[in-house]
Amino acid sequence: MKPRILSKPLLITALILPLVLFQGIPEQIPDFVNAFYLGVPGTVWATSGWFVLMILLSWHFGKSNTDYLGEDQA
Amino acid sequence: MIPSSIIYFFITIAITLGITVWAARRSSSKEALYTASSGISGNKNGLAIAGDFMSAGTVLGIVGLYFMVGVDVSLYFIAPIAGLGLGLALIVGPLRRFGRFTLGDVVELRLNDSRMRIVLGICTITISIINLVAQMVGAGGLISIVFGLNFESAVIIVGTLMTIYVAFGGMLAATWVQIIKAVFLVGSVILLSILCVVHAGGMGELYAMAAEANTNSRSLFNFGNLDLGLYSSASLTLGLMLGMMAMPHLLIRFFTVPDEASAQRSLVVAITLIGLTMGLVFLIISPMGVAIIGSDPAYRDASGAILGGSNMITLHLARALGGELFFGIMSAIAFSTILAVVAGLTISISSASAHDMVKSLYKSALSEKAELRIFRGAAAATSAIAIGLAILFKHENLTFLIVMGSSVAASTTFPLLAMAIYWRGLTPNGAIVGGAIGLLSSVGLIILSPAFWVKVLGFEEAVFPSDYPALISVPLAFGSAWLTSKVSNSAPAQKVAESNLSG
């Protein structure tokens, strides 16, 4: 697999890793994650930020993938 | 007076059947029935994919699960959305270029071996049947509560309607039902979210109301309520991520667009719509469900449980904030969601049966007319089997069934597609062994898990300690395919000539 292709799954894996750790070892979560900001829980802010990031990333992937349309990528 | 939900129930059936009649006049060929003649635009296909993702189980189930475990529910839609992102980065473009009707086309083109169709056909049918049973079990429960029918009648109605849609209207009918439903679903979620914020008086007030109404011992807003542990958390995430990018009923949607660029465009549109809609469901509707429905004894039965179960919270909320009219509309959307998703799953099973399985096993050339007869027969058979299995498994946990389908997809179709697309060293024998090991290990570990071994079979202690096999079965599938390819003598994958590409 070419490095330019491998970088995308690695980036997504890195983005989802904190959620895996939060769910797997919740006792290790820092206090600021569970605090409230402007009346809204920190966990909710974090999840909202993740949604926005994922949508922006998909727009970026959709645009950058067109650079190598038609190539056999093996 | 007839309840509004019943009126909307019949309106939904009339509209979807009308679409089927319209589509049937345009669906006489194999191309039309399997892939809507690849004439769907990227934006419309994006709506249809979003509709496929946002099934009744996803939207209603997320709100119901939030009521019990709070923000932990985020894993159940964040991991699949990440999977769609991975699909966009890795699978969708090459899949559209190599394939025409089914996943079997993709692997066969690369490995030039007709046995690949049988392997992919078995995987597609297994995964889609598991998902279909999950959807039918959810449909039976929901329809029996909302429309007052018994479970068996509900699944028979859904099974009959899905056979009609698929056998006559094919992919064109299933796609348009999905598009219309997606538009109404997104619109209703936005409207319900606005009603929630207006009712609460702001986001801070909304979360304060939810925190006050929460009856669980732990906070809804802290992670850890699912008590997964690190292995199960990682394995569940892996299964949901990789499973989502390998679901046959979603992947065959990329054959309905004209080219690779449209396929990518459709997934960008889908991720945007899913992200926005699920964001509203998670951030606004779910906590408001806890605040209003959880705190009102009128929505509880004698035992203290939510009327109709926690999956009904969204519909109760629609009635509380928008009245009978909005409740009726939301119920109809939930019903059309079920119909659209089961139709898509039936198409993936029927096309895999007719185009991959029978065609490969039947040595002489199969005419298009005969293949279409098999496609329609497979749709009817799938419906009968799904009705029977849904009645048999009607008390089974829905989340378990959905995760099971996802884990099997992550362990079978994902390794086969990823290796066929990206590794020139894959051999036909490697693909067969990898697919078989992935299927057997994922299904085997699920059978040995607490959710099946203890809760279904009644044993005291599970042989395998987790309900989530992907962290073991996915590496096993990749490893066995790699090892067999290295030691076997069969011809490796070949570079696909431009003249062989369909996109």
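Letters A, B, ... are given to chains in the order of the sequence lines, protein chains preceding strands, and every chain is numbered from 1. Because the structure is a prediction, the values reported are computed rather than measured.
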note = So, the part of B:F282 with a heavy atom under 4.5 Å from chain A: the answer is side chain
Output side-chain donor-acceptor pairs under 3.5 Å for residues 26-36 of chain A, partner residues at least two apart or in another chain, one line each.
none

Largest heavy-atom contact set with chain A, pairs under 4.5 Å, which of B:G70, B:G202, B:G229 = B:G229
Can you give me every donor-acceptor pair (side chain of residues 72-93 of chain B, partner residue at least two apart or in another chain, under 3.5 Å) with its distance?
residue	atom	partner	partner atom	Å
B:D72	OD1	B:G224	N	2.9
B:D72	OD2	B:G224	N	3.1
B:D72	OD2	B:N225	N	2.7
B:D72	OD2	B:L226	N	2.7
B:S74	OG	B:V71	O	2.7

Within residues 267-276 of chain B, residues adjacent to chain A where the heavy-atom gap is under 4.5 Å = B:V268, B:I271, B:T272, B:G275, B:L276
request  = Tell me, out of A:I25, A:L56, A:T47, A:V52, who's got the most heavy-atom pairs with chain B below 4.5 Å.
outcome  = A:T47
task = Please round to the nearest 0.5 Å and tell me the distance separating atom OG1 of B:T237 and atom CD of A:Q23.
result = 7.0 Å
note = Given A:G42, A:G39, A:P41, the one with more heavy-atom pairs under 4.5 angstrom with chain B than any other is A:P41
key: Side-chain heavy atoms of B:L230 within contact of A:L21, under 4.5 Å   = yes
ask   = Residues in side-chain contact (heavy atoms from CB on, under 4.5 Å) with A:L15, at least two apart?
value = A:W50, A:L53, A:L57
query = Given side chains that start at C-beta, do those of B:F223 and A:L19 come closer than 4.5 Å, heavy atoms only?
reply = yes
From A:L38 atom CG to B:M203 atom CE, the distance as rounded to the nearest 0.5 Å = 11.0 Å
ask   = Which bit of A:F22 comes within less than 4.5 Å of chain B, counting heavy atoms only: side chain, backbone, both or neither?
value = both
